[in-house]
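Structure record follows, encoded as structure tokens.
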Amino acid sequence: QVRLMESGGGSVQAGGSLRLSCAASGDTSRYNCMGWFRQAPGTEREGVAVIYTGPVWTYYGPSVKDRFTISVDSANNTVYLQMNNLIPEDTAVYYCAAASPPVCPNALRRWKPRQYAYWGQGAQVTVSS
């Protein structure tokens, strides 16, 4: 079992930055495909960024590429999402999720929420214009 705890959400004006953290505990070595997803009211959950932690590979959704950066501190089992140049369309609840290793290299599976076995409670990000 894996437990995930997000932190770092908040409110920011357009053009600003925020960094989300996801602290993982439990059987993290078996679920080292980590993803950030987001969900705005009335929309489906959307994959934002994915990282495979051994070795490190990263993947980004088209709406955040070149603005967001996903990274990992393996010593502390923490995954980060650095969000720069935020726009109002980035407003959503952001979730951290963990999946088994085969999910990450598959271009279809890594963006599907159903492929992820464990989820955090979510962190609200609000971007005002």
Side-chain angles (χ1 to χ4, degrees):
Q1 190 171 358
V2 175
R3 289 166 294 281
L4 304 172
M5 180 68 70
E6 299 100 336
S7 60
S11 297
V12 66
Q13 288 191 328
S17 299
L18 283 173
R19 188 176 80 158
L20 300 178
S21 300
C22 174
S25 61
D27 200 3
T28 56
S29 61
R30 294 181 58 195
Y31 295 90
N32 57 356
C33 176
M34 302 292 293
W36 284 100
F37 290 75
R38 67 185 182 187
Q39 189 167 20
T43 68
E44 293 186 355
R45 197 162 291 191
E46 173 194 17
V48 173
V50 174
I51 188 166
Y52 179 63
T53 63
V56 175
W57 297 338
T58 59
Y59 312 90
Y60 295 93
S63 61
V64 305
K65 199 174 188 310
D66 299 328
R67 297 189 299 122
F68 291 10
T69 302
I70 189 170
S71 62
V72 61
D73 179 351
S74 297
N76 293 304
N77 288 328
T78 301
V79 175
Y80 301 98
L81 185 68
Q82 177 67 43
M83 304 182 291
N84 297 329
N85 195 18
L86 285 160
I87 59 178
E89 290 76 14
D90 294 320
T91 296
V93 177
Y94 283 70
Y95 298 91
C96 176
S100 59
V103 170
C104 266
N106 187 299
L108 293 179
R109 295 179 69 186
R110 62 177 169 252
W111 302 117
K112 293 187 182 299
R114 289 185 178 181
Q115 297 292 326
Y116 290 76
Y118 298 99
W119 292 83
Q121 83 288 354
Q124 177 70 47
V125 171
T126 303
V127 184
S128 58
S129 57

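All heavy atoms count here, side chains included; hydrogens, waters and symmetry mates do not.
- Residue-environment remark: CD (Gln121) exceeds the threshold of 12 foreign heavy atoms within 6.0 Å.
- Here the side chain of Glu46 pairs no donor or acceptor atom with the backbone of Arg38 at under 3.5 angstrom.
- No more than 12 heavy atoms of other residues, nucleotides or ligands sit less than 6.0 Å from atom CZ of Arg30.
- Here CD1 of Ile87 is found 15.0 Å from CD of Gln13. Values are rounded to the nearest 0.5 Å.
- For Tyr59 (side chain) and Gly35 (main-chain N/O), no donor-acceptor pair under 3.5 Å exists by modelled atom type.
- There is a path of hydrophobic side-chain contacts, each under 4.5 Å, that joins Trp119 to Val93.
- To the nearest 0.5 angstrom, Asn77 atom CG is 9.0 Å from Ser29 atom OG.
- The backbone N or O of Asn32 sits less than 3.5 Å from a side-chain atom of Thr53, completing a donor-acceptor pair.
- Transitive grouping of hydrophobic side chains (ILVMFWY, heavy atoms separated by less than 4.5 Å) brings Val72 and Tyr94 into a common cluster.
- Of all the heavy atoms in Ser17 and Gln82, the pair that sits closest is CB-NE2, 3.9 Å.
- Counting heavy atoms from C-beta outward, Val125 and Met83 have side chains that approach closer than 4.5 Å.
- Contact record, Val2 with Asp27: CG2-O, 3.6 Å, taken as the closest heavy-atom pair.
- Glu44 has its side chain out of reach of Pro113: every pair of non-hydrogen atoms, C-beta onward, lies at least 4.5 Å apart.
- No continuous path of hydrophobic side-chain contacts links Trp111 to Val64 [ILVMFWY only; heavy atoms under 4.5 Å].
- In this structure, the separation between CG on Leu81 and CZ on Phe37 is 12.0 Å, given to the nearest 0.5 Å.
- One finds the CG atom of Leu18 at 9.0 Å from the CZ atom of Phe68 (value rounded to the nearest 0.5 Å).
- Residue Thr69 holds its OG1 atom at 6.5 Å from CG of Asn84, rounded to the nearest 0.5 Å.
- Under the salt bridge (charged side-chain N to carboxylate O under 4.0 Å, His left out) criterion, Asp73 pairs with no residue at all, not counting sequence neighbours.
- Glu6 places none of its side-chain heavy atoms less than 4.5 Å from the side chain of Leu20.
- Looking only at side-chain heavy atoms (C-beta outward), Leu4 and Tyr95 stay at 4.5 Å or farther from each other.
- Judged by the 6.0 Å distance and 45° axis criteria, Arg19 is positioned over the aromatic ring of Tyr80.
- Tyr116 places a side-chain N or O within donor-acceptor distance of the main-chain N or O of Arg110, the cut-off being under 3.5 Å.
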Does Cys96 form a side chain to side chain contact (heavy atoms under 4.5 Å, CB included) with Trp36? I'd like the steps, not just the answer.
CA-CA 5 Å; Cys96 176; Trp36 284 100; 4.0 Å; yes
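- In this structure, Cys104 and Val50 approach most closely via the heavy-atom pair SG-CG1, 3.5 Å.
- To the nearest 0.5 Å, atoms SG (Cys22) and CD1 (Ile51) are separated by 11.5 Å.
- A tilted orientation is assigned to the rings of Trp57 and Tyr52, their planes being inclined by 30° to 60°.
- The shortest heavy-atom contact between Ala14 and Ser129 is CB-CA, 4.3 Å.
- The closest donor-acceptor contact from the side chain of Thr28 to the backbone of Ser25 lies at 3.5 Å or more, if one exists at all.
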